[in-house]
Amino acid sequence: MQTSSFYQNVYDVVKLIPFGRATSYGAIAAYLGSKGSARMVGYAMNNSIKTEAGIPAHRVVNRNGLLTGKFHFGIGDEMKNRLENEGLVIIDNQIQNFNAVFWNPATELAL
DNA sequence: GAGGTGACTGCGA
DNA sequence: CTCGCAGCCACCT
């Protein structure tokens, strides 16, 4: 914990996202107990790419399943490419059938 | 120490 | 249905 490791919490949850799944910022934020801090989750991702660089941030999208962070993830369609590589269908930067691949930490981890 | 920003979300017109 | 506004909280300058 030590000094607001809000990011670390996000990293941990994102790392736990199984292959071929995706989750939303709000879901992670809610799992952390700060539903209104969905922005912080995305902020953590931005930092994770630079510092952790091992976080499957491409599995984290907005509530609509839209790849909002595609441009922040890196260069080109890296994010989209990885999602497709996991068997997901991405059209117009949006995950199709997102409901089927949606991974809710508050439900999957709160067993 | 204070101000501004942001990979979001939900509600209202 | 589509567009716009306000709330939220931690990090950065």
Side-chain angles (χ1 to χ4, degrees):
Chain A
M1 300 315 173
Q2 312 98 326
T3 69
S4 59
S5 25
F6 190 91
Y7 284 23
Q8 187 59 49
N9 271 337
V10 177
Y11 304 153
D12 186 40
V13 176
V14 175
K15 287 178 185 174
L16 293 173
I17 299 174
F19 184 90
R21 302 283 189 181
T23 188
S24 64
Y25 304 99
I28 298 173
Y31 178 70
L32 296 177
S34 298
K35 184 177 72 173
S37 305
R39 288 178 165 170
M40 308 297 79
V41 178
Y43 222 108
M45 293 286 89
N46 186 3
N47 192 34
S48 72
I49 295 169
K50 296 184 294 188
T51 60
E52 300 300 312
I55 309 295
H58 59 276
R59 293 180 185 158
V60 184
V61 294
N62 71 346
R63 199 47 167 146
N64 294 310
L66 187 66
L67 305 176
T68 50
K70 186 187 77 166
F71 299 97
H72 289 271
F73 191 75
I75 301 172
D77 298 323
E78 182 72 31
M79 190 172 185
K80 177 185 174 188
N81 190 5
R82 289 193 178 200
L83 288 169
E84 290 182 322
N85 188 24
E86 300 200 2
L88 300 180
V89 180
I90 312 301
I91 299 175
D92 189 25
N93 297 328
Q94 186 174 9
I95 298 175
Q96 303 303 302
N97 197 12
F98 180 59
N99 187 24
V101 299
F102 181 71
W103 180 79
N104 189 335
T107 302
E108 300 297 317
L109 298 178
L111 296 177

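Just so it is clear: chains get the letters A, B, ... in the order the sequence lines come, proteins before strands, and each one is counted from 1.
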Protein-nucleotide distance (A:Tyr11, atom OH; C:dA10, atom P), rounded to Å: 15 Å

Distance in angstrom units between A:Asn62 CG and B:dG10 C1', rounded: 13 Å

d(CG, A:Asn64; C1', B:dG10) in whole Å: 11 Å

Interatomic distance, A:Ile90 atom CD1 to A:His58 atom NE2 [nearest 0.5 angstrom]: 10.0 Å

Contact summary for A:Asp92 and A:Leu66, nearest pair of heavy atoms: O-CD1, 3.9 Å

A:Tyr25 six-ring face occupied by A:Arg59 cation (under 6.0 Å, within 45°): no

Spacing of A:Tyr43 atom OH relative to C:dA10 atom P, expressed in whole Å: 13 Å

Integer-rounded Å distance: C:dC9 P and A:Tyr31 OH: 20 Å

Minimum-distance nucleotide to A:His72 side chain [options: B:dT9, C:dA10, B:dA7]: B:dA7

hbond_proxy A:Tyr25 side chain to B:dA7 base (donor-acceptor, 3.5 Å cutoff): yes

Spacing of A:Leu83 atom CG relative to B:dA7 atom C1', expressed in whole Å: 13 Å

Atom pair distance, as rounded to whole Å: NE2 in A:His58 and P in B:dA7: 19 Å

Integer-rounded Å distance: B:dA7 P and A:Ile90 CD1: 19 Å

Check: A:Phe98 and A:Asn64 side chains under 4.5 Å, non-hydrogen atoms: no

Nucleotide of B:dT9, C:dC11, C:dC9 approaching A:Tyr7 most closely (side-chain heavy atoms): C:dC11

Validation row: A:Asn9, A:Tyr7 side chains within 4.5 angstrom (heavy atoms): no

Euclidean distance, A:Glu108 CD relative to A:Ile17 CD1, rounded to 0.5 Å: 11.0 Å

A:Ser37, nearest nucleotide to its side chain (from C:dC9, B:dT9, B:dA7): C:dC9

Salt-bridge contact A:Glu78-A:Arg82 (side-chain N to carboxylate O under 4.0 Å): yes

Proximal nucleotide (of B:dT9, C:dC11, B:dA7) relative to the A:Met79 side chain: B:dA7

For DNA chain B, the residues among residues 46-57 of chain A that have a non-hydrogen atom under 4.0 Å from it: A:Asn46, A:Ile49, A:Ala57

